[in-house]
Amino acid sequence: DLVVSSLVLSNPCPSDIDGDGEVASSDLSLILLDFGVCTCPTDLDGDGEVTSSDLSLCLLDFGACP
């Protein structure tokens, strides 16, 4: 639980891949470009590949970051 808490505090908006303060179409584009096996920031669920689950996580965060 402590690790999860510190991860949330260090990156409160992991779906904001381009770092512009909001989750928008540019972040979705970056996920689509990386689809497949990848250890990269677009692998939002950390399973070693960029798939529809990462795209779904990004869509759930769509909008301004907290």
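Rounding to the nearest 0.5 Å places OG of Ser26 at 8.5 Å from CD1 of Ile17. Here CG of Leu55 is found 10.0 Å from CG of Leu60. Values are rounded to the nearest 0.5 Å. Atom OG of residue Ser15 and atom CD of residue Glu22 lie 12.5 Å apart, to the nearest 0.5 angstrom. Note that CG of Asp43 and OG of Ser53 are 7.5 Å apart. Values are rounded to the nearest 0.5 Å. Of the inter-residue distances, the one linking Leu57 atom CG with Asp45 atom CG reads 6.0 Å to the nearest 0.5 angstrom. The OG atom of Ser56 lies 11.0 Å from the CG atom of Asp61; values are rounded to the nearest 0.5 Å.
Partner Cys58 forms a side chain to side chain contact (heavy atoms under 4.5 Å, CB included) with one of Asp16, Thr42, Val23 and no other, that one being Val23.
A donor-acceptor distance shorter than 3.5 angstrom exists from the side chain of Asp54 to the backbone of Leu44, with no hydrogens or angles considered. At least one donor-acceptor pair under 3.5 Å links the side chain of Asp27 to the backbone N or O of Asp18.
Smallest separation of non-hydrogen atoms from Pro66 and Pro12: CG-O, 4.2 Å.
Hydrophobic clustering, with ILVMFWY side chains joined whenever heavy atoms are under 4.5 angstrom apart, keeps Leu32 apart from Val37.
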